[in-house]
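The structure under discussion is supplied below as structure tokens; questions concerning it will follow.
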Amino acid sequence: MKPYNPAEIEAAAQSAWRDADVYRAVERADRRKFFCVSMLPYPSGKLHMGHVRNYTINDMMYRHLRMNGCNVLMPMGWDAFGLPAENAAMKNGVPPAKWTYENIAYMKTQCQAMGWAIDWSRELATCDPSYYRWNQWFFLKMLEKGIAYKKTGVVNWDPVDQTVLANEQVIDGRGWRSGAPVEKREIPMYYLRITQYAEELLSSLDRMPGWPERVKTMQANWIGKSVGVRFAFPHDIMGDDGQPIGGGRMYVFTTRVDTIMGVTFCAVAAEHPLALHAAKGNPALAAFIDECRHGSVIEADMATMEKKGMPTGLFVTHPLTGDRVAVWVGNYVLIGYGDGAVMGVPAHDERDFAFAKKYGLAIRQVTAIDGEAFSTDAWLPWYEDKARGRCFASGKYDGLPYAQAVDAIAADLAALDLGEKRTTFRLRDWGISRQRYWGTPIPIVHCAACGDVPVPYADLPVVLPDDCVPDGSGNPLAKRADFVDCACPKCGQPAKRETDTMDTFVDSSWYYMRYACPDATVDGKPAMVDARNDFWNPMDQYIGGITHAILHLLYARFWTKVMRDMGLVKMDEPFTRLLTQGMVLNHIYFRRSDKGGIDYFAPDSVETTHDASGKVTGARSKADGLPVEYDGVGTMSKSKLNGVDPQDMVDRYGADAARLFVMFAAPPEATLEWSDAGVEGAYRFLKRLWAFGQARADAIRAATGAFDWRDAAPAVKAARRDIHLALKQANYDFDRIQYNTVVSAGMKMLNALEAAPAGAPGGAAFVREATSILIRVLYPVVPHVGCALWDELGYAREFGPLLDAPWPQVDPLALAQDEIELMLQINGKLRGKLIVPAGADRDAIEAAARASAEVAKHAAGAPVKKVVVVPGRLVNVVV
RNA sequence: GCCCGGGUGGCGAAAUCGGUAGACGCACGAGACUCAAAAUCUCGCGCCUGAAAGGGCGUGCCGGUUCGAUUCCGGCCCCGGGCACCA
């Protein structure tokens with residue numbers, strides 16, 4: 001008997017698939033198309049467990065649907081631009097291009113070794129000019145349409161390294177390499193007008209039943225539609241030009257205009273014109289504004305930092321009462337959001353309440369609820385309850401509920417020409433400029449005479465030099481005269497090329513369209529997409545991390561709609577069904593560097609000590625023996641160095657065992673905490689499966705021909721029932737993409753098969769049928785061993801190659817039973833079981849229950865008040 | 001801080017419409033085979049109590065609805081994800 005040898009089995013299966021090119025998909029009308037894609041991986045160097053999980057889910061779906069008659073396409077590509085390549089360059093002195101392409105080559109061999117059903121003819125890398133030229137092309141189209149535009153934006157600036165930092169490069173307000181306090185800096189950037197699509201991006205969510213509710217909720221909250229009132233506080237503060245600043249109006253937006261009578265101050269952002277004006281004669285204020293302009297641009301930091309303010313000494317006029325209202329500068333007011341100014345109503349806004357208490361500002365109650373007492377001593381949640389509150393101490397608005405108060409006050413403000421109702425969105429336009437080398441060059445030329453000039457379409461792509469090595473001090477492109485110096489496309493005079501590159505979310509916004517037509521042409525000329533895109537997209541199933549629930553998915557949806565509006569695609573939405581797989585977590589170890597940065601350590605590079613319950617109590621580096629800190633579990637990520645290399649597992653146990661374990665350990669949507677235990681178990685199961693197949697091979701090959709199952713021995717019937725029940729469960733679980741229980745269904749089948757009486761009447765036919773079902777159910781998880789057994793046991797002669805073999809059918813006769821077992825409860829507690837004929841009606845079941853020994857014992861003669869009968873399940877006797 | 005999830009034995013998990021809690025596996029324990037080990041196979045395995053039969057408790061915590069709650073409702077605690085320049 002041949003032992004289970006995954007290396008041999010897998011290599012043979014993979015070379016057979018490759019030689020016959022079995023995963024190449026073509027557009028064909030005779031089968032239902034199914035386009036399933038996993039979010040494209042970043043080529044960080046090696047596959048990690050998240051990839052293995054993602055692509056194995058995808059692969060199971062592919063193989064299951066293909067056997068069910070679908071024309072399935074599963075492509076692959078590389079999200080090849082981005083920061084890690086620059087970081088690697090700084091560390092190793094290797095150009096990002098070289099590093100990236102070497103990583104891709106290695107990871108591709110890993111993908112092939114995993115046995116995934118990828119159509120490699122469609123492979124793409126986003127750092128390839130043949131791909132990113134279309135980012136540039138579409139950017140110029142958007143510029144023409146006004147979707148792309150230029151304005152200033154705020155970035156993290158490292159004053160020592162003289163470079164812009166990504167948010168993740170800012171640690172505790174300091175640059176990760178220099179340790180210098182980070183400053184905010186305003187620079188010109190290109191933006192995409194996603195806010196123009198906010199309404200559609202929101203309303204379409206209701207027509208996307210294939211998306212998880214939680215993702216739709218997150219996106220809806222992110223878009224953040226709110227209906228409120230934008231109105232002005234008039235003032236006569238004059239600017240240096242002798243004109244009233246802002247036309248004599250300070251605009252604010254509020255969703256709580258019903259509380260307008262409670263305004264006791266206003267707060268503006270540090271960059272607001274009134275703040276800047278007031279600072280001119282006020283050094284203390286100027287210092288405070290300067291302080292506000294330092295520090296983090298990260299929203300979470302903004303939300304958790306101490307709320308601080310300083311009076312400007314300026315006053316505006318309350319539009320309804322005519323009162324003088326003091327204007328403060330608040331560090332929590334953002335210039336980029338709304339008008340950069342807010343009204344302060346301490347009595348009915350928790351943040352304003354805290355602010356007023358801190359600075360001794362007036363708190364004026366203007367809504368009330370019967371039976372609730374208001375006090376300025378402490379905040380109570382009902383103060384901002386707009387559902388129950390009624391206007392109070394608000395003159396003519398007294399007694400009005402929220403909606404009516406808003407209408408009345410908005411009308412009065414409109415009559416004064418000082419305001420109007422307005423719908424606003426939390427969503428901000430998408431800034432795509434990055435002051436970095438390794439990305440798509442923004443195709444703009446800066447000319448002293450002509451200004452910003454788009455690169456002519458005929459000159460695309462603007463090719464990124466592939467030999468730069470970033471050193472952490474600004475964008476290396478800016479130092480490359482051969483890149484920067486060029487002729488103005490308009491006037492021909494010497495000009496400078498834009499050195500900013502695009503956000504990598506641009507790359508990932510449409511790559512799945514390029515899969516459909518990797519060599520797209522229209523009218524014989526290269527094109528971004530062609531008609532084949534309309535064949536494969538919208539995508540039937542998208543699979544990726546919950547991490548991308550908001551940004552990537554929202555940007556891709558937006559991008560699709562812009563392409564639609566330019567007539568490039570027909571779809572409204574790109575992703576019909578979405579599966580957000582859970583993260584793969586692993587332990588995190590780190591050490592603070594002497595500069596204040598953080599160095600991470602891979603879990604296999606440290607030794608840990610545990611307490612009795614298994615909790616980590618300490619860790620030290622294997623390399624230097626010095627302690628490192630433990631930071632609990634977190635997502636596997638390249639920056640934290642806590643990814644697990646699947647290669648070790650493949651080398652030891654084979655790809656099938658690795659796949660089986662990852663699918664079995666948790667349902668696809670749940671998080672999966674990595675542990676080395678369990679892979680061994682998966683391997684053991686495959687050895688058992690293999691050994692079973694070897695032991696029964698001759699009998700199975702011989703047992704051809706039909707068998708009338710009515711003639712089977714009772715034990716064979718029972719075993720056959722187990723198999724078909726497990727098949728039914730597996731079918732259900734395939735459809736709802738709960739693959740962990742598909743695996744357990746396969747395990748149940750093998751258990752039933754091993755225990756079955758093969759020698760009894762019908763036994764041989766049963767083993768042949770059941771084994772064929774088992775192999776087909778497990779094949780999507782473990783295709784290599786599946787194919788090997790299928791061929792060896794002779795099933796290919798009956799059903800054809802396993803790749804396209806028919807999916808097994810549940811036989812209803814196999815499930816039928818003469819008698820069924822019901823749970824017997826007394827007062828809701830399980831007390832026994834009841835065997836009744838399968839066709840027994842409620843009365844018969846109730847009678848059997850009343851007559852049971854358990855009722856006699858536990859009811860002890862007490863009268864039966866009620867009997868609840870749930871057919872097929874249980875009977876509950878209430879006494 | 002705000003938004004979204006999750007919490008079930010020693011561990012990963014299952015339970016399809018409110019109806020047997022813990023399927024399937026890991027770890028562990030006992031046994032078989034073996035000179036021995038590995039591998040493999042068999043049995044046991046939520047907690048407490050009991051010789052056993054049985055009884056009690058048990059799905060993060062507190063409360064509610066129901067004949068019956070892991071499942072529905074209210075409140076709380078803890079953990080994870082996102083927060084716009086990681087991808």
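Letters go in sequence order (proteins before strands), and every chain restarts at 1. Keep in mind that what you see is a predicted model, and the values were worked out from it rather than measured. All heavy atoms count here, side chains included; hydrogens, waters and symmetry mates do not.
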Would you classify A/E669 as touching base, sugar-phosphate or nothing, given that sugar-phosphate means primed atoms plus P, OP1 and OP2, and contacts are heavy atoms under 4.0 Å?
->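 Nothing: the residue A/E669, judged by heavy atoms under 4.0 Å, touches no strand.
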
A/F81 CZ to B/A87 C1', straight-line distance once rounded to whole Å |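 Atom CZ in A/F81 sits about 15 Å away from atom C1' in B/A87.
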
With heavy atoms under 4.0 Å as the rule, sort A/P41 into base, sugar-phosphate or nothing.
->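 No contact at all - A/P41 keeps every heavy atom at 4.0 Å or more from the nucleic acid.
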
Which is true for A/D733 with a 4.0 Å heavy-atom rule: it touches a base, it touches only sugar-phosphate, or it touches nothing?
->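 The answer is nothing, as A/D733 stays clear of every strand by at least 4.0 Å.
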
Can you check whether A/L815's main-chain N or O pairs, donor with acceptor, with A/R721's side chain at less than 3.5 Å?
->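 At least one qualifying donor-acceptor pair exists.
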
Write down the distance separating the P atoms in B/G68 and B/G19, rounded off to the nearest Å.
->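 The answer is 14 Å between these two P atoms.
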
Determine the contact category for A/L822: base if any of its heavy atoms lies under 4.0 Å from a base atom, sugar-phosphate if only primed atoms, P, OP1 or OP2 are that close, otherwise nothing.
->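 Touches nothing.
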
Whole-Å distance separating the NE2 atom of A/H548 from the P atom of B/C83 =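 Spelled out: NE2 on A/H548 to P on B/C83 is 10 Å.
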
Please state the C1' separation for the pair B/G80 and B/U42 - nearest whole angstrom.
->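 About 41 Å, rounded to a whole number of Å.
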
Nearest-Å distance for atom pair CD/P, residues A/Q581 and B/G5 =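 Nearest whole value for this atom pair: 19 Å.
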
Polar pair under 3.5 Å, donor/acceptor by atom type, side chain A/N876, base B/C67 |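 By the distance-only test, yes, there is a pair.
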
Residue pair A/D429 / A/T195, side-chain donor-acceptor N/O under 3.5 Å =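 Yes - a donor-acceptor pair under 3.5 Å links their side chains.
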
Separation of the C1' atoms in B/C78 and B/A84, to the nearest angstrom |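 Here B/C78 and B/A84 have their C1' atoms 28 Å from each other.
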
Closest non-hydrogen atom pair, A/H552 against A/S508 |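 Closest heavy-atom pair between A/H552 and A/S508: CE1-O, 3.0 Å.
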
Pick base, sugar-phosphate or nothing for A/T304, based on heavy-atom distances below 4.0 Å to the nucleic acid.
->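 Here A/T304 touches the bases of the nucleic acid.
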
Kindly write out the residues that satisfy salt bridge (Lys or Arg N to Asp or Glu O under 4.0 Å) with A/E846, not counting sequence neighbours, or none if the list is empty.
->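 A/E846 satisfies salt bridge (Lys or Arg N to Asp or Glu O under 4.0 Å) with A/R850 once adjacent residues are dropped.
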
Indicate, with a heavy-atom threshold strictly under 4.0 Å, whether A/K687 touches base, sugar-phosphate, or nothing.
->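 Sugar-phosphate contact only.
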
In whole Å, what separates the C1' atom of B/G58 from that of B/G10?
->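 Their C1' atoms lie roughly 16 Å apart.
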
Hey, does A/R831 reach any base, or is it just sugar-phosphate, or nothing, if we go heavy atoms under 4.0 Å?
->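 If one applies the 4.0 Å heavy-atom cut-off, A/R831 turns out to touch the sugar-phosphate alone, with no base involved.
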
Got a salt bridge between A/E213 and A/K216, using NZ or NE/NH1/NH2 to carboxylate O under 4.0 Å?
->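 Yes.
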
Minimum heavy-atom distance between A/V855 and A/A849, given as atom pair plus value =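 Closest heavy-atom pair between A/V855 and A/A849: CG2-O, 3.2 Å.
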
Spacing of A/L201 atom CG relative to B/A84 atom C1', expressed in whole Å =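 Atom-to-atom, A/L201 to B/A84, this comes out as 15 Å.
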
Based on Watson-Crick and G-U pairs with both distances under 3.5 Å, what dot-bracket line describes RNA chain B 5' to 3', crossing pairs as [ ] and inter-strand pairs as |?
-> (((((((..(((......[....))).(((((.......))))).((((....))))..(((((..]....))))))))))))....

In whole angstrom, give the distance that lies between atom CE of A/M749 and atom C1' of B/C24.
->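 From A/M749 CE to B/C24 C1': 13 Å.
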
Take the angle between the ring planes of A/W438 and A/F81 and call it parallel below 30°, perpendicular above 60°, tilted in between.
->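 Perpendicular.
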
Please work out if A/F685 contacts a base, only the sugar-phosphate, or nothing of the nucleic acid, heavy-atom cut-off 4.0 Å.
->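 Answer is nothing: A/F685 stays at 4.0 Å or more from every strand.
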
Using the ring of each side chain (for Trp, its six-membered ring), is A/W430 parallel, tilted or perpendicular to A/F558, with breaks at 30° and 60°?
->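 Perpendicular.
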
Which part of the nucleic acid, if any, lies within contact of A/V155, taking any heavy atom under 4.0 Å across all strands shown: a base, the sugar-phosphate backbone alone, or nothing?
->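 Answer is base: heavy atoms of A/V155 come under 4.0 Å of a base.
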
Does the A/E86 side chain pair with the main chain of A/Y437, one donor and one acceptor, at a distance under 3.5 Å?
->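 Such a contact is found between A/E86 side chain and A/Y437 backbone.
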
Could you check which residues of residues 182-197 of chain A get a heavy atom under 4.0 Å from RNA chain B? Sort them by number, please.
->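 The stretch gives A/M189 as the residues lying under 4.0 Å from the strand, ordered by number.
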
So which nucleotide from B/A87, B/G1, B/U40 ends up closest to the side chain of A/L551?
->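 From the listed options, B/A87 comes nearest.
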
Value in whole Å for how far the P atom of B/G19 lies from CD of A/E821 |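 Going from CD in A/E821 over to P in B/G19 covers 18 Å.
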
Aromatic plane relationship, A/Y42 with A/W99 - under 30° parallel, 30 to 60° tilted, over 60° perpendicular =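 Answer is tilted, since the angle falls between 30° and 60°.
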
Looking for any heavy atom pair under 4.0 Å, which part of the strands does A/A549 touch: base, sugar-phosphate only, or nothing?
->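 A/A549: no heavy atom of the nucleic acid under 4.0 Å.
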
Can you tell me, in whole Å, how much space there is between the C1' of B/A87 and that of B/G18?
->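 One C1' to the other, the span is 42 Å.
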
Over how many whole Å does the gap from A/L165 atom CG to B/C86 atom C1' extend?
->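 Nearest whole value for this atom pair: 13 Å.
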
Only counting residues at least two apart or in another chain, list the ones meeting salt bridge (Lys or Arg N to Asp or Glu O under 4.0 Å) with A/K225.
->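 A/K225 satisfies salt bridge (Lys or Arg N to Asp or Glu O under 4.0 Å) with A/E199 once adjacent residues are dropped.
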
On a whole-Å scale, what distance lies between the C1' atoms belonging to B/U65 and B/C73?
->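 After rounding to an integer number of Å, I get 7 Å for this pair.
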
Just grab all the salt bridge (charged side-chain N to carboxylate O under 4.0 Å, His left out) pairs involving residues 546-558 of chain A, residues at least two apart or on different chains.
->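 Matches after skipping sequence neighbours: A/R557-A/E573.
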
Within this structure, what is the CG-to-P distance between A/L824 and B/U20, rounded to whole angstrom?
->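 Value for this atom pair: 14 Å.
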
Describe the nucleic acid contact of A/R428 in one word from base, sugar-phosphate, nothing, applying a heavy-atom distance below 4.0 Å.
->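 A/R428: base contact, heavy atoms under 4.0 Å.
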
Decide, yes or no, whether a salt bridge links A/E299 with A/R426 under the criterion of side-chain N to carboxylate O below 4.0 Å.
->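 So A/E299 pairs with A/R426 through a salt bridge.
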
What are the residues of residues 722-731 of chain A, sorted by number, that bring a heavy atom to within less than 4.0 Å of RNA chain B?
->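 Nothing qualifies; none.
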
Contact class for A/T504 vs. all strands (heavy atom < 4.0 Å): base, sugar-phosphate, or nothing?
->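 Since only primed, P, OP1 and OP2 atoms lie under 4.0 Å of A/T504, the category is sugar-phosphate.
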
Which part of the nucleic acid does A/R434 contact within heavy-atom distance under 4.0 Å: base, sugar-phosphate only, or nothing?
->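 The answer is base, as A/R434 lies within the cut-off (heavy atoms under 4.0 Å) of a base atom.
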
Distance between C1' atoms of B/G56 and B/C79 (Å, rounded) |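 The same atom, C1', in both gives a distance of 32 Å.
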
Checking all strands, does A/W222 fall into the base, sugar-phosphate, or nothing category for heavy-atom contacts under 4.0 angstrom?
->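 Base, at least one base atom sits under 4.0 Å.
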
Atom P, compared across B/G55 and B/A21: separation rounded to whole Å =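 Straight-line distance between the two P atoms is 13 Å.
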
Face-to-face contact A/Y732 to B/U16 six-ring, under 5.5 Å, under 30° |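 It does: the two rings, one from A/Y732 and one from B/U16, meet the stacking criterion.
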
Does NZ or CZ of A/R388 lie under 6.0 Å from the centre of the six-membered ring of A/W382, at an angle within 45° of the ring axis?
->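 Verdict for A/W382: no cation-pi partner in A/R388.
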
